[in-house]
Amino acid sequence: ENGEGFNDMLSCFDGCISAFTGNSGVGKSSILNYLIPSLIIETGEVSLRLGRGRHTTRQVELYHVSNGYIADTPGFSSIDFERCEVIMKDELPDTFREFRPFLGECQFTSCSHTTEKGCAVLKAVKNGKITNSRHNSFCVIYNEIKGLKSWELSKK
């Protein structure tokens, strides 16, 4: 509302292609309008009767921001992960791009990057090269899938 943090946000998009996703009415297009003052993306109000946003953005648009790009996407009212591809715990570290420079540098080849001594990822978190919030997200997902065995997955 007051613009606090927007200048810091700009540097997050340097050299990246990012996407704004989320429920309808959370402010994806409004943030882009603020980041790029020359844009006039249509935005809508949150319905007082329903308590949620109306679908204003109808298609994905890619915008040049700072030294990168941001995709503005249509909102959604719910998301269903049941039909998504399953990622096994051994593949999970590769899905966190900021982990990649440190993968293979750990003391133990079986490192889960959650608590082990000699973990290069944990060292990077400690040194501020990976944010705590991203590592915490990794740990939450890891703990949800660590017991999953490939033979347990139903073949559909």
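The shown structure was predicted, so the numbers you read here are calculated from the model rather than taken from an experiment.
Nearest heavy-atom pair, Asp94 versus Arg100, reported as atom, atom and distance to 0.1 Å: O-NH2, 2.9 Å. For the pair Phe96 and Ser137, the tightest heavy-atom approach, listed with the atom from each and the gap, is CZ-C, 4.2 Å. Residues Cys106 and Val121 come closest through the heavy atom pair SG-N, 4.4 Å. When all heavy atoms are compared, the tightest approach of Gln107 to Lys117 is OE1-O, 4.0 Å. Met88 approaches Ile145 most closely through the heavy-atom pair C-CD1, 3.9 Å.
Taken from CZ in Phe13 to OG in Ser66, the straight-line distance is 8.5 Å, to the nearest 0.5 Å. Residue Asp90 holds its CG atom at 7.5 Å from OH of Tyr142, rounded to the nearest 0.5 Å. How far OG1 of Thr95 is from CZ of Arg97: 11.5 Å, rounded to the nearest 0.5 Å. Distance check: Leu122 CG to Cys111 SG gives 6.5 Å after rounding to the nearest 0.5 Å. Atoms CG and OG1, from Asn143 and Thr114 in turn, are 7.0 Å apart once rounded to the nearest 0.5 Å.
The only member of Glu98, His113, Lys123 that meets side chain to side chain contact (heavy atoms under 4.5 Å, CB included) when paired with Ile130 is Glu98.
Under the 4.5 Å side-chain criterion, counting only non-hydrogen atoms from C-beta, Ile70 is in contact with Leu35.
The main-chain N or O of Ser112 is found under 3.5 Å from a side-chain atom of Glu116 such that the two form a donor-acceptor pair.
Taking the six-membered ring for Trp and the full ring otherwise, the centers of Phe138 and Phe99 sit less than 6.0 Å from each other.
Val65 and Leu62 are assigned to two separate hydrophobic clusters, defined by single-linkage of ILVMFWY side chains at heavy-atom distances under 4.5 Å.
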Side chain to side chain contact (heavy atoms under 4.5 Å, CB included) for Ile141 and Ile87? Distances and angles first, verdict last.
CA-CA 10 Å; Ile141 297 168; Ile87 296 174; over 6 Å; no
